[in-house]
Amino acid sequence: MNILSFSSHVVHGTVGNRAIQFPLNLRGWNVDCINTTNLSNHPGFKTFKGSKTDSSTISQVYQGLVEIGLKYDAVIVGYVASVANLQSIYEILRNLKYKPLVVLDPILGDNDQLYVDKALIPVYKQILQDPLNLVTLTTPNQFEIETLTDSKISDQNSLDATIAKFYKLYNVKYVVITSVKLNDEMYCVGCLDKEHTFSVKVDQVPAVFSGSGDLFLGLLTDSFHKTGDLEKSLKNTVQVVQKVLSRTLELSTTDRTIGDLPYIPSLKLVESKDIIE
Ligand SMILES: Nc1ncnc2c1ncn2[C@@H]1O[C@H](COP(=O)(O)OP(=O)(O)O)[C@@H](O)[C@H]1O
Ligand SMILES: Cc1ncc(COP(=O)(O)O)c(C=O)c1O
């Protein structure tokens, strides 16, 4: 099984492709990464060096893969963070001559805060709307689906309305909302279509992590490709990520906090090999 993953590269740490490649290797995938950044580490460490990839490099590297005859069973679009890069990836998806499983995480922000250039929003919208049905599964968090649908989720009714609006606006079969807060509990919500949705409760590990969203994206893609069953895949992925985060917390020391929770900038992926496998 071959997968192509567009996401960030950090030399040190476990975000972006560093949180996607190793876990997918453990689950039997050959993972080809097109790196949208080349950074020393992610910004959560306070300082970092390096740069974003030029969009022409993304297009050329992809062309190189086509010319040596590669085809992929699945494609992940993760951390992009530049309009020109997202446009190059859009072009690549539009010109695919075959139909892999395409999973796109429209990374825009979290907790009511945009942390990428707002000019990315219309490009994500275009990709998700494309009449060629380019994306099979998309994984926005609560803030991201609110932004894409111009709505606000505060209870079950507004959640249902947001999902209905998403399906009206966009041309994507499967949606997973990775974090919805209802009555102080956290849920992942899976949608098979606008009428068939289900929720999976997330048992919160008492810490804030970087890279959890990327790990989640890779593992969900693996499980969904293998089973074709979104509900089963989502339950399994939530459980596995929860266990990796628990082990990470157990093995980490940190003197940093976000709110009143410890902040853990890196996941203990090698130490969680048995859980991921
Ligand atoms: N503290 C936590 N405890 C348990 N699970 C978590 C925690 N943080 C994240 N997760 C898991 O990781 C998934 C992705 O969360 P998050 O990293 O917030 O995603 P995103 O990058 O999409 O905002 C959640 O759906 C949940 O399953
Ligand atoms: C370069 C880079 N890639 C990916 C991520 C995604 O991290 P998360 O999975 O916590 O959303 C971040 C966030 O810090 C990042 O800086």
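Both ligands and their constituent atoms are indexed starting at 1 by order of listing.
Note: no N/O pair closer than 3.5 Å links Phe216 and ligand 1 by distance alone. Residue Gln242 has no nitrogen or oxygen atom sitting less than 3.5 Å from a nitrogen or oxygen atom of ligand 1, judged on distance alone. For ligand 1, the polar-atom distance check against Glu144 finds no nitrogen or oxygen pair separated by under 3.5 Å.
By the criterion of a heavy-atom distance under 4.0 Å, neither the backbone nor the side chain of Pro206 is placed next to ligand 1. Contact annotation: for Val202 versus ligand 1, heavy atoms closer than 4.0 Å belong to the side chain alone. Contacts between Val205 and ligand 1, counted as non-hydrogen atom pairs separated by less than 4.0 Å, involve both the backbone and the side chain. Under 4.0 Å from ligand 1, the heavy atoms of Leu245 that appear belong solely to its side chain. With a 4.0 Å heavy-atom cut-off, ligand 1 is reached by the backbone of Ser212 and by its side chain too.
Thr149 and Tyr170 are not linked by any side-chain donor-acceptor pair at a separation below 3.5 angstrom, with hydrogens and angles left out of the test.
Residue-ligand proximity, Asn141 to ligand 1, at heavy-atom distances under 4.0 Å covers atoms 20 (P), 22 (O), 23 (O). Heavy-atom proximity to Ala207, at under 4.0 Å, picks out these atoms of ligand 1: 1 (N). Here is the list of ligand 1 atoms found below 4.0 Å of a heavy atom in Cys188: 25 (O). Listed by atom number, the atoms of ligand 1 under 4.0 Å from Val241 heavy atoms are 11 (C), 12 (O). Here is the list of ligand 1 atoms found below 4.0 Å of a heavy atom in Gly213: 14 (C), 17 (O), 19 (O), 21 (O).
Residue contact annotation: Ser179 has no non-hydrogen atom under 4.0 Å from ligand 1. The shortest separation from a heavy atom of Leu217 to ligand 1 is not under 4.0 Å, leaving the residue out of contact.
Both cation-pi conditions hold for Arg94 and Tyr90: the charged atom is under 6.0 angstrom from the six-membered ring centre and inside a 45 degree cone around its axis.
Leu39 and Ser51 get closest at one heavy-atom pair: CD2-N, 3.6 Å. When all heavy atoms of Asp130 and Leu132 are compared, the pair lying nearest together is OD1-N, 2.7 Å. Between Gly218 and Leu24, the closest heavy-atom pair is O-CD2, 3.3 Å. When every heavy atom of Val172 is checked against every heavy atom of Phe166, the shortest pair comes out as CB-CE2, 4.4 Å. Taking each heavy atom of Tyr263 and Ile258 in turn, the nearest pair found is CD1-CD1, 3.6 Å.
Remark: Glu277 CD is packed, more than 12 non-hydrogen atoms of other residues, nucleotides or ligands lying under 6.0 Å away.
Checked against side chain to side chain donor-acceptor pair (under 3.5 Å), Asp160 has the following partners two or more places apart in sequence or in another chain: Gln156.
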Please tabulate, for side-chain N and O atoms in residues 26-35, each donor-acceptor pair with protein atoms closer than 3.5 Å (sequence neighbours left out).
unit_1	atom_1	unit_2	atom_2	d
Arg27	NE	Ile276	O	2.9
Arg27	NH1	Asp222	OD2	2.8
Arg27	NH2	Ile276	O	3.2
Trp29	NE1	Asp222	OD1	2.8
Asn30	ND2	Asn2	OD1	3.0
Asp32	OD2	Tyr72	OH	2.6
Asn35	OD1	Asn17	ND2	3.0

